[in-house]
Protein chains: 2
Amino acid sequence: MDAVFRALADPTRRQLLDSLHARNGQTLNALCAEMDMTRQAVTKHLAILEEANLVTTLRKGREKEHYLNPVPINEIAERWIGKFERHRLDALSDLKKRLEREEP
Amino acid sequence: MDAVFRALADPTRRQLLDSLHARNGQTLNALCAEMDMTRQAVTKHLAILEEANLVTTLRKGREKEHYLNPVPINEIAERWIGKFERHRLDALSDLKKRLEREEP
DNA sequence: TAAATATGCAACCATTTGGTTGCATGTCAA
DNA sequence: TTGACATGCAACCAAATGGTTGCATATTTA
């Protein structure tokens with residue numbers, strides 16, 4: 001899960017995920033076209049996404065297709081974000097009460 | 001939002017959020033007690049969490065209380081993760097179909 | 001087969017990051 | 001008021017990160 005969080009930390013990688021979300025199965029060159037950096041830099045980002053299991057690749061001759069895998073993101077939403085969301089309103093009202101009480 | 005993602009990328013900072021989730025309003029020293037690093041290192045992590053608006057502080061005399069702010073996490077869940085979750089099953093079945101079709 | 005195309009690998013570099021140590025400041029309490 | 005305690009600030013350092021360039025390999029296609 002750490003790998004997923006670290007992978008999501010970079011804006012370029014989130015942009016790559018967005019791009020795949022818009023059009024799934026894009027080739028490396030296709031993805032590079034919209035990124036303002038060298039192909040090798042994009043390759044590295046994709047490798048990180050792949051290692052975090054956020055992207056799955058499929059070799060097709062000399063091309064490599066990239067597919068978005070939303071499962072790890074879903075797991076984060078379920079396991080980690082969910083527990084903070086659950087107490088969202090509670091925590092907010094707690095904070096509000098505290099602030100009102102402590103700073104008259 | 002970039003600041004939130006980057007803040008969440010570090011395991012120490014997620015641990016700090018967990019700690020505040022378990023017991024809200026902890027002081028810096030209290031938080032340091034469970035972290036295996038110097039107070040100054042923890043201070044830096046808390047500063048990053050504060051800048052990402054994930055933690056709110058309240059000065060209380062010579063102590064500083066830290067409160068979890070779940071709103072940014074909720075925003076991420078809503079605005080960013082939601083759109084990937086929405087197509088989760090679709091994307092999975094798409095991928096499955098493709099793999100079956102392309103690799104007989 | 002030869003040229004063009006798509007990707008892979010590795011060395012290298014600047015900046016950021018995560019941590020340290022040392023000292024300063026502010027507040028509580030005896 | 002003085003000593004202890006909680007926090008703040010700054011310089012410094014090693015390692016990770018994000019990017020580059022150069023060259024190698026594999027697959028089309030003319």
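Computed from a prediction, not measured in an experiment: that's the story for all the values here. Sequence lines set the chain letters: A, B, ... in the order given, protein chains first and strands last, and positions in each chain run from 1.
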In whole angstrom, give the distance that lies between atom CZ of B:Arg6 and atom C1' of C:dG18.
14 Å
Between C:dT16 atom P and B:Ile48 atom CD1, what is the distance in whole Å?
13 Å
What is the distance from CD of B:Glu50 to C1' of D:dT7, rounded to the nearest Å?
13 Å
Go through the structure and list residues passing side-chain hydrogen bond (donor to acceptor under 3.5 Å, both in side chains) with B:Thr57, not counting sequence neighbours.
B:Glu50
For atom CE of B:Met35 and atom P of D:dT7, their distance in whole Å:
14 Å
Could you tell me how far apart A:Asp2 (CG) and D:dA16 (C1') are, to the nearest whole angstrom?
13 Å
For A:Glu51 and D:dT17, give me the distance from atom CD to atom C1', rounded to whole Å.
14 Å
Going by atom type alone, with no hydrogens or angles, which donor-acceptor pairs under 3.5 Å involve a side-chain atom of residues 40-47 of chain A and a protein atom two or more places apart or on another chain?
| unit_1 | atom_1 | unit_2 | atom_2 | d |
| --- | --- | --- | --- | --- |
| A:Thr43 | OG1 | A:Arg39 | O | 2.9 |
| A:His45 | ND1 | A:Arg13 | NH1 | 3.1 |

Quick tally for nucleotides 7-14 of chain C: nucleotides whose base has a protein heavy atom under 4.0 Å get B, sugar-phosphate-only ones S, the rest -, giving BBB-B---
Does a side-chain N or O of B:Thr38 approach OP1 or OP2 of C:dT20 to a distance below 4.0 Å, or not?
yes
Residues forming a salt bridge (charged side-chain N to carboxylate O under 4.0 Å, His left out) with A:Asp2, sequence neighbours excluded:
A:Arg6, B:Arg14
side-chain hydrogen bond (donor to acceptor under 3.5 Å, both in side chains) partners for B:Asn53, two or more places apart
none
Here the distance between atom P of C:dT16 and atom CG of A:Asp10, to the nearest Å, is 13 Å
Rounding to a whole Å, what distance do you find between A:Gln15:CD and D:dG19:C1'?
15 Å
Output every pair passing salt bridge (charged side-chain N to carboxylate O under 4.0 Å, His left out) with a member in residues 22-35 of chain B, not counting sequence neighbours, ordered by first then second residue.
none
Using the side-chain contact (heavy atoms from CB on, under 4.5 Å) rule, take A:Leu49 and A:Leu16 through it: C-alpha gap first, then chi angles, then the decisive distance, then the call.
CA-CA 9 Å; A:Leu49 289 171; A:Leu16 284 168; 4.0 Å; yes
